[in-house]
Amino acid sequence: MNNFTNDSIQITFSQPNLDLFQIADSGQCFRMIPLESEKNGDTKEIPGFSVICSGRYCELYQKGEKITLLCMPQDETFWKNYLDIDTDYGTIIASVDPSDKYLLKAADFGKGIRILRQDLWEMIITFIISQQKAIPQIRQAVEDLCRSYGTATVNFRNHTYYSFPDPYQLSRASLEELKKHRLGYRAKYIYQVCQDAAGKHMDLDALKSMPYRQAMDYLMQFYGIGEKVANCICLFGLHHVNAFPVDTWIKKILMKEYWQDAYKDLPKNRLYTTMVHDHFSMYEGCAGVMQQYIFFYERRGNMSHLF
DNA sequence: TCCCAGGATACTC
DNA sequence: GAGTATCCTGGG
């Protein structure tokens, strides 16, 4: 990380409960990519990540609790905020119910995970894309949209990177164009949401000021956004840490680890809501973090690697 | 070849 | 309110 060309600054700070590798494949962030260097013709992975968010580019490196941030000087505050450095995750982990052995293990295993403060619009589109897709496919589709419709900028290494297209940029894509990016049946959802956002029918600024429940109701009015996607947008795009997205992984965990006989007569639809309420509503203000811990713990046990 | 993967919609009853 | 077929695509 020594041969950067111009203007960039390098800041190193110490931060507990922050693990770049865990965050990068926690499934919340799709533009945090391992850095590679070319040596003797073949590419070699180096222990760092490039991140693109809100039109900005940075590189992050880690050694123990020491995080090194490489970015433009005016963006230092932005990236520190992105990493949610003002939240004390140690306190959150310490608040785990001692009788919940599974969550204790999961929180310890994923103690370096944080809820990043990402761009709202990017999260809306990304999690619409995410439905019925695996993480590498989501990455690919997002990168595709950025290269096709985003703004090209040259970073401090003289490499070109592409911002995530804003509503106006993305709304210029026709439905047919969107379908070419392997979005499948999601293309029509994205097309409609872009039209809504560019036409101010979807008001992102208003959304940012809404409390969690209101934001959920607002988001679910739009075509292609159901409860799960709305929860992901709330958690990762609005930093509503009470949001608790329930996908098939979480359903599996709930059935495996939190089942009680009292649930046997509940219809499936009510079942998961009830289970989440019974076991996670006590984590006021950090339930979403607990969701990330169990999600990551379960997935890591089942998958060898993701990149 | 079939099946399903980190869902939502439109349609049934 | 609760259950189901259908929608794209890629990979096992």
Side-chain angles (χ1 to χ4, degrees), chain A residues 22-32 106 110 113 115-116 118 122-145 148 173-196 202 216-237 243-257 263-277 280 288-307:
Chain A
Q22 289 189 342
I23 293 169
D25 66 34
S26 64
Q28 60 174 298
C29 168
F30 302 92
R31 299 201 77 194
M32 186 167 173
I113 294 175
I115 309 293
L116 299 175
Q118 302 187 76
E122 180 176 338
M123 292 301 100
I124 291 173
I125 298 302
T126 298
F127 283 100
I128 291 175
I129 292 173
S130 79
Q131 54 185 268
Q132 295 290 100
K133 270 184 178 292
I135 288 176
Q137 293 173 278
I138 301 168
R139 262 186 233 290
Q140 185 66 54
V142 169
E143 209 52 42
D144 241 36
L145 291 182
S148 301
S174 68
L175 181 56
E176 287 68 31
E177 271 178 66
L178 288 174
K179 282 182 178 169
K180 289 176 192 157
H181 298 283
R182 284 166 292 186
L183 297 172
Y185 64 90
R186 307 157 195 83
K188 59 182 183 289
Y189 301 153
I190 294 172
Y191 179 79
Q192 187 56 52
V193 166
C194 285
Q195 299 306 311
D196 288 340
M202 174 185 267
M216 283 293 290
D217 291 339
Y218 185 78
L219 283 165
M220 285 169 63
Q221 291 178 328
F222 295 95
Y223 190 47
I225 302 179
E227 190 174 0
K228 189 268 179 184
V229 170
N231 260 310
C232 286
I233 296 168
C234 280
L235 183 55
F236 304 127
F244 196 98
V246 176
D247 55 33
T248 57
W249 288 90
I250 296 293
K251 285 179 183 174
K252 266 182 226 169
I253 296 166
L254 289 172
M255 295 303 279
K256 187 162 62 77
E257 305 291 337
Y263 297 138
K264 67 181 182 333
D265 292 325
L266 285 175
K268 283 208 167 182
N269 216 1
R270 286 285 320 266
L271 175 62
Y272 299 116
T273 314
T274 307
M275 294 175 93
V276 170
H277 179 267
F280 294 94
V289 181
M290 302 304 179
Q291 189 270 8
Q292 284 289 283
Y293 291 147
I294 64 174
F295 180 79
F296 183 74
Y297 183 51
E298 198 66 20
R299 277 187 68 255
R300 264 300 183 82
N302 293 312
M303 285 180 140
S304 49
H305 62 285
L306 283 158
F307 289 109

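Letters go in sequence order (proteins before strands), and every chain restarts at 1. The structure displayed is predicted, hence computed values, not measured ones.
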Would you measure the distance from the [atom1] atom in [N] across to the matching atom in [M] and give it in whole Å?
N	M	atom1	result
C:dT6	B:dC2	P	15 Å
C:dA2	B:dG6	C1'	23 Å
B:dC11	C:dC8	P	15 Å
B:dC3	C:dA5	P	13 Å

d([atom1], [X]; [atom2], [N]) in whole Å:
X	N	atom1	atom2	answer
A:I190	B:dA8	CD1	P	13 Å
A:Y223	B:dA10	OH	P	5 Å
A:Q131	C:dC8	CD	C1'	10 Å
A:K228	B:dT9	NZ	C1'	16 Å
A:I135	C:dG10	CD1	C1'	15 Å
A:I128	B:dG6	CD1	C1'	15 Å
A:F295	B:dA5	CZ	P	13 Å
A:D144	C:dT9	CG	P	13 Å

Across the strands shown, which category fits [X] at heavy-atom distances under 4.0 angstrom: base, sugar-phosphate, nothing?
X	answer
A:F127	base
A:R270	sugar-phosphate
A:I250	nothing
A:G27	base

(request) Would you mind pulling out the nucleotide paired to C:dC8, Watson-Crick or G-U wobble, both distances under 3.5 Å? (result) none

(message) Both distances below 3.5 Å, Watson-Crick or wobble geometry, any strand: find the nucleotide opposite B:dG6.
(response)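 Base-paired to nothing in any strand shown.
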
(message) Reading DNA chain B from 5' onward, which residue's closest nucleotide shows up sooner: A:K133 or A:M220?
(response)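 Its nucleotide being nearer the 5' end, the pick is A:K133.
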
(request) Between A:G224 and A:F236, just flag the one whose closest nucleotide in DNA chain B comes earlier from the 5' side. (result)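 Result of the comparison: A:F236.
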
(request) Report the C-alpha separation of A:L145 and A:I129 in whole Å, then their side-chain angles, then the decisive distance to 0.1 Å, and conclude whether the side-chain contact (heavy atoms from CB on, under 4.5 Å) test is met. (result) CA-CA 11 Å; A:L145 291 182; A:I129 292 173; 3.8 Å; yes

(request) Step by step, work out the side-chain contact (heavy atoms from CB on, under 4.5 Å) result for A:Q140 and A:D144. (result) CA-CA 6 Å; A:Q140 185 66 54; A:D144 241 36; 3.7 Å; yes

(request) Side-chain contact test, heavy atoms from C-beta onward, threshold under 4.5 Å: evaluate it for A:F30 versus A:E143 and give yes or no. (result) no

(request) Could you tell me whether the side chain of A:T273 reaches within less than 4.5 Å of the side chain of A:F244, counting heavy atoms only? (result) no

(message) Below the 4.0 Å mark, does B:dG7 have OP1 or OP2 next to a side-chain nitrogen or oxygen of A:Q132?
(response) yes

(message) Quick check for you: among B:dG6, C:dT9, C:dC8, whose closest atom lies nearest to any side-chain atom of A:T248?
(response) B:dG6

(message) What's the closest nucleotide to the side chain of A:R186 if the choices are B:dG6, B:dG7, C:dC8?
(response) C:dC8

(message) Whether the side chain of A:R299 and the base of B:dG6 hold a donor-acceptor pair under 3.5 Å is what I'd like checked.
(response)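 Pair found.
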
(message) Minimum heavy-atom separation for A:V142 and A:T126, please, with both atom names.
(response) CG2-OG1, 3.9 Å

(request) Supply the atom-to-atom distance A:D25 CG to A:I135 CD1, rounded to the nearest 0.5 angstrom. (result)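 A:D25 atom CG to A:I135 atom CD1 measures 7.0 Å (nearest 0.5 Å).
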
